Engineer: 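Before we start, here is the structure in question, set down as structure tokens.
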Amino acid sequence: MKTRIKNILREKPVGQPVALAGWVRTRRDTGSFSFIEINDGSCLANLQILADEKLSNYASDIKQLSTGSSVMVAGVLQKSPAKGQDVELQASQLTVIGTADPETYPLQKKRHSFEFLRELAHLRPRTNALGAVSRVRSRLSYAVHQFFQERDFVQVHTPIITTSDCEGAGEMFIVSTGQEKNKAEHFFGRSAGLTVSGQLQAEVYALALGDVYTFGPTFRAENSNTSRHLSEFWMLEPEMAFCDLQGNMAIATEMLKYLLNDAMSNCPEDMQLFDKFIEKGLLDKLRGVVEKEFAHITYSEAVDRLEKAKKDFVYPVKWGLDLQSEHERYLSEEVFQCPLIVTDYPASIKPFYMRVNDDKKTVAAMDILVPGIGEIVGGSQREERYDVLEARMIEAGIELADYAWYMDLRRYGSVPHSGFGLGFERLVQFVTGMANIREVIAFPRAPGSAPC
RNA sequence: UCCUCGGUAGCUCAGUCGGUAGAGCAGGUGGCUGUUAACCACCUUGUCGGCGGUUCGAAUCCGUCCCGGGGAGCCA
């Protein structure tokens with residue numbers, strides 16, 4: 001029976017027999033024995049093993065051990081007399097499971113660039129930083145479910161293959177068997193694609209179950225090549241019935257604070273690695289976000305501030321034009337220096353499903369901008385009035401027949417409802433301080449690149 | 001897709017005015033030591049991203065394509 005290093009280090013059963021299995025990070029030989037550091041992925045820390053020359057396979061196996069080899073070790077845990085670790089394992093048995101030829105094994109004991117590691121998608125989780133990202137990502141995913149389940153939200157598995165394009169959400173990948181000669185022969189009887197958003201389907205379930213969320217992979221065929229875009233990414237989309245924009249903002253804010261707090265309290269060692277080596281001051285930044293109120297301004301106020309700003313922008317600022325990255329960054333990074341919620345954008349630049357405000361010019365939209373990442377959450381109150389929605393769809397040139405089911409939600413028992421989308425990888429980026437989104441997903445897919 | 005910077009040993013990089021390539025680390029061998037980015041000595045390693053051009057001669061200059069970083073657009 002093996003014990004995970006995480007538990008060994010937490011419980012420190014000194015004097016007790018312990019067995020574990022993992023991969024060799026480094027070996028150092030001394031006079032009559034070797035120090036071997038083992039990592040088993042359960043935590044950032046390695047466990048130091050002492051392997052004495054009296055072990056039967058000392059000369060044949062243990063002295064040959066190199067970085068990357070896999071081993072099983074049994075022994076007795078003891079207090080360490082030297083600095084660097086509280087406890088260490090005196091091995092009574094060490095079995096080599098798999099060797100790793102040091103001439104060809106690409107990972108070294110020293111630091112590698114993330115660009116290099118990206119070429120080794122199958123080996124990079126064995127590094128400190130990528131292992132830590134994986135654990136924090138897993139924990140955040142768990143915390144997402146915990147947050148919503150604690151609040152009686154129902155998870156809906158919305159479809160990956162979809163026949164409805166969530167307008168304004170980007171280009172779709174087309175799904176087909178490759179055998180169809182014409183549209184009538186299509187596998188689904190109509191053209192289909194990979195989902196760009198589960199929102200419209202989530203609305204269906206919100207108007208039946210009240211509060212729901214969907215959390216799954218999302219696909220965008222955009223040719224965008226940046227440090228915060230992926231072709232395949234995970235998106236969290238809560239949708240709440242009987243909920244207006246104020247309620248939407250409140251739940252999004254509460255959720256973000258909850259998630260940051262959860263990662264900090266449950267992954268302290270990994271978070272300290274990020275704070276120390278990836279983004280200095282990360283923990284202070286996150287604590288600040290948890291403690292401070294999020295700033296909130298309307299789009300009109302944002303335009304006002306930008307027009308009065310003493311800063312030269314490349315792109316023009318004018319009511320009716322969308323805010324550019326430089327504008328969003330100026331507001332969140334320089335003016336407010338904290339997460340900023342911008343609401344009530346012009347209807348002309350937002351999708352048909354967002355609820356038209358009383359001024360008839362703006363919609364009940366909200367974007368949450370965070371320093372360094374930009375937009376992390378985008379949401380809105382949905383248009384629940386049949387006539388208004390129909391007019392907006394016609395204006396947008398949408399085929400009404402294709403969305404009859406969506407219109408039915410407004411025809412039968414319509415209610416005000418709201419929701420938002422959170423880019424999960426952008427959240428992981430924000431929490432870990434990783435500069436490039438390709439480092440926070442196991443196997444990144446981007447134009448021209450899809451390893452493994 | 002656009003702008004911009006880059007691609008030299010397994011990794012991180014240097015390479016001047018165009019004259020055929022170097023360091024540190026890693027790896028190998030030997031030594032030493034309760035070590036911990038271990039240490040000391042010696043040794044190995046190159047389609048200079050690809051193709052084409054200019055030139056007596058190209059890592060170096062020009063063209064083009066591929067790949068990567070940063071920024072922009074699109075968005076989450």
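We use all heavy atoms of the structure for the numbers below, so side chains are in, but hydrogens, waters and symmetry mates are not. Note on naming: letters A, B, ... go to the chains in the order of the sequence lines (proteins, then strands), and numbering restarts at 1 for each one. These numbers come from a predicted model, not from an experiment.
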Engineer: Roughly how many Å is it from CG in A:Asn46 to P in B:rA37, rounded to a whole number?
Structural biologist: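 That distance rounds to 11 Å.
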Engineer: Using the P atom in both, what is the distance from B:rA59 to B:rG52, to the nearest Å?
Structural biologist: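 After rounding to an integer number of Å, I get 14 Å for this pair.
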Engineer: Give the rounded distance in Å between these two atoms: CG of A:Leu50 and P of B:rU33.
Structural biologist: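 Atom CG in A:Leu50 sits about 17 Å away from atom P in B:rU33.
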Engineer: A:Asn436 side chain N/O closer than 4.0 Å to the phosphate oxygens (OP1, OP2) of B:rG70?
Structural biologist: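 For A:Asn436, the contact criterion (side-chain N or O under 4.0 Å from OP1 or OP2 of B:rG70) is met.
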Engineer: When the P atoms of B:rA72 and B:rU47 are compared, how many Å lie between them, rounded to an integer?
Structural biologist: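 Per the computed distance, 37 Å lies between those P atoms.
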Engineer: Is the phosphate of B:rA38, meaning OP1 or OP2, less than 4.0 Å from a side-chain N or O of A:Arg28?
Structural biologist: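 Yes, because at least one side-chain N or O of A:Arg28 sits under 4.0 Å from OP1 or OP2 of B:rA38.
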Engineer: Should the pair A:Arg228 and A:Phe233 be classed as cation-pi, given the thresholds of under 6.0 Å to the six-membered ring centre and 45° from the axis?
Structural biologist: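 No - A:Arg228 does not lie over the ring of A:Phe233 by the 6.0 Å and 45° rule.
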Engineer: Contact list please: residues 103-113 of chain A against RNA chain B, heavy atoms, distance less than 4.0 Å, in numerical order.
Structural biologist: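 Heavy-atom cutoff 4.0 Å gives A:Glu103, A:Gln108, A:Lys109, A:Lys110, A:His112, A:Ser113.
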Engineer: Fit a plane to each ring of A:Tyr213 and A:Phe148, take the angle between them on a 0 to 90° scale, and name the class: parallel (under 30°), tilted (30 to 60°) or perpendicular (over 60°).
Structural biologist: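 Taking A:Phe148 first and then A:Tyr213, their aromatic rings lie parallel (interplane angle under 30°).
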Engineer: For B:rG10, give its Watson-Crick or G-U wobble partner with both distances under 3.5 Å, or none.
Structural biologist: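 Paired with B:rC25.
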Engineer: Report which part of the nucleic acid A:Val314 touches: base, sugar-phosphate, or nothing (heavy-atom distance under 4.0 Å, all strands).
Structural biologist: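 A:Val314: no heavy atom of the nucleic acid under 4.0 Å.
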Engineer: The side chain of A:Phe35 is closest to which nucleotide in this list: B:rG28, B:rG34, B:rG73?
Structural biologist: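 Comparing B:rG28, B:rG34, B:rG73 against the side chain of A:Phe35, the answer is B:rG34.
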Engineer: A:Glu328 has an atom CD; how far is it from atom P of B:rG71, in whole Å?
Structural biologist: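 Rounding to the nearest Å, CD of A:Glu328 and P of B:rG71 are 14 Å apart.
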Engineer: Can you measure A:Gln48 atom CD to B:rA37 atom C1' for me and round it to whole angstrom units?
Structural biologist: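 Distance, rounded to whole Å: 14 Å.
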Engineer: Between protein and nucleic acid, restricted to nucleotides 1-5 of chain B and to nitrogen or oxygen atoms under 3.5 Å apart, what atom pairs and distances do you find?
Structural biologist:
residue, atom, partner, partner atom, Å
B:rU1, OP1, A:Asn223, ND2, 2.5
B:rU1, O4, A:Asn225, N, 3.4

Engineer: Under the rule for side chain to side chain contact (heavy atoms under 4.5 Å, CB included), what residues qualify as partners of A:Ser92, not counting sequence neighbours?
Structural biologist: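 For A:Ser92, the residues satisfying side chain to side chain contact (heavy atoms under 4.5 Å, CB included) (neighbours in sequence not counted) are A:Ala74.
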Engineer: Per the atom types in the model, does the base of B:rG34 pair as donor or acceptor with the side chain of A:Glu88 at under 3.5 Å?
Structural biologist: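 Between B:rG34 and A:Glu88, which were checked side chain against base, a qualifying N/O pair under 3.5 Å is present.
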Engineer: Are any side-chain N or O atoms of A:Glu269 and backbone N or O atoms of A:Ala45, one a donor and one an acceptor, separated by less than 3.5 Å?
Structural biologist: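 Here the side-chain-to-backbone pair does not exist.
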Engineer: Is the Lys NZ or Arg CZ of A:Lys285 less than 6.0 Å from the centre of A:Phe430's six-membered ring, within 45° of the axis?
Structural biologist: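 Verdict for A:Phe430: a cation-pi partner in A:Lys285.
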Engineer: For the side chain of A:Arg329, starting at C-beta, report the closest nucleotide among B:rG71, B:rU35, B:rC75.
Structural biologist: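 Selected nucleotide (nearest to the side chain): B:rG71.
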Engineer: Within the distance-only criterion (no hydrogens, no angle test), does the side chain of A:Thr3 pair as donor or acceptor with the backbone N or O of A:Ile8 below 3.5 angstrom?
Structural biologist: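 It does not hold such a pair.
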Engineer: If I take atom CZ in residue A:Arg228 and atom P in nucleotide B:rG70, what distance separates them, rounded to the nearest angstrom?
Structural biologist: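 Between P of B:rG70 and CZ of A:Arg228: 10 Å.
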Engineer: Is the cationic atom of A:Arg445 (NZ for Lys, CZ for Arg) positioned less than 6.0 Å from the six-membered ring centroid of A:Phe443 and within 45 degrees of its normal?
Structural biologist: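 No, a cation-pi geometry is absent between A:Arg445 and A:Phe443.
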Engineer: Strictly below 4.0 Å, heavy-atom distances to any atom of RNA chain B: list the hits from residues 60-73 of chain A, or just say none.
Structural biologist: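 Heavy-atom contacts with RNA chain B come from no residue of residues 60-73 of chain A; none.
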Engineer: Given that both distances must come in under 3.5 Å, which nucleotide forms a Watson-Crick or G-U wobble pair with B:rC56?
Structural biologist: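 Its partner is B:rG19 (Watson-Crick or G-U wobble, both distances under 3.5 Å).
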Engineer: Side chain of A:Ser227 only, please: which of B:rC75, B:rG70, B:rU33 is the nearest?
Structural biologist: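 The answer is B:rG70, which lies nearest to the side chain.
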Engineer: Can you measure A:Glu119 atom CD to B:rG10 atom C1' for me and round it to whole angstrom units?
Structural biologist: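 Going from A:Glu119 (CD) to B:rG10 (C1'), I get 12 Å.
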Engineer: Using atom P of each nucleotide, how far apart are B:rG19 and B:rU33 to the nearest Å?
Structural biologist: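 Between the two P atoms, the distance is 50 Å.
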Engineer: Does A:Asp40 have any side chain to side chain contact (heavy atoms under 4.5 Å, CB included) partners at least two apart in sequence or in another chain, and if so, which?
Structural biologist: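 For A:Asp40 the side chain to side chain contact (heavy atoms under 4.5 Å, CB included) partners, ignoring immediate neighbours, are A:Arg4, A:Ile5, A:Ser42.
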Engineer: Does A:Arg111 qualify as a cation-pi partner of A:Phe114, given the criterion of NZ or CZ under 6.0 Å from the six-membered ring centre and within 45 degrees of its axis?
Structural biologist: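 So A:Arg111 does make the cation-pi contact.
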Engineer: Can you check ring pair (Phe, Tyr, Trp, His ring centres under 6.0 Å) on A:Tyr315 and A:His327, steps first, answer last?
Structural biologist: CA-CA 9 Å; A:Tyr315 290 89; A:His327 306 140; 7.2 Å; no
Engineer: With sequence neighbours excluded, give me every salt bridge (Lys or Arg N to Asp or Glu O under 4.0 Å) pair touching residues 129-138 of chain A.
Structural biologist: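 Residue pairs with at least one partner in residues 129-138 of chain A: A:Arg135-A:Asp270, A:Arg137-A:Glu425.
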Engineer: Just how far, in rounded Å, is P of B:rA9 from CZ of A:Phe116?
Structural biologist: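 To the nearest whole Å, that distance equals 12 Å.
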Engineer: Measuring only the C1' atom in each nucleotide, how far is B:rG46 from B:rA23? A whole number of Å is fine.
Structural biologist: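 Nearest-Å result for B:rG46 against B:rA23 at atom C1': 15 Å.
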Engineer: Measure from the side-chain N and O atoms of A:Arg382 to the backbone N and O of A:Gly419, and report whether any donor-acceptor pair falls under 3.5 Å.
Structural biologist: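 Confirmed, A:Arg382 side chain pairs with A:Gly419 backbone.
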Engineer: Expressed in angstrom and rounded to an integer, what is the separation of A:Ile373 atom CD1 from B:rG70 atom C1'?
Structural biologist: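 Atom CD1 in A:Ile373 sits about 15 Å away from atom C1' in B:rG70.
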Engineer: Can any side-chain N or O of A:Arg392 pair as donor or acceptor with the backbone N or O of A:Pro351 at less than 3.5 Å?
Structural biologist: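 Yes, because the side chain of A:Arg392 sits within donor-acceptor range (under 3.5 Å) of the backbone of A:Pro351.
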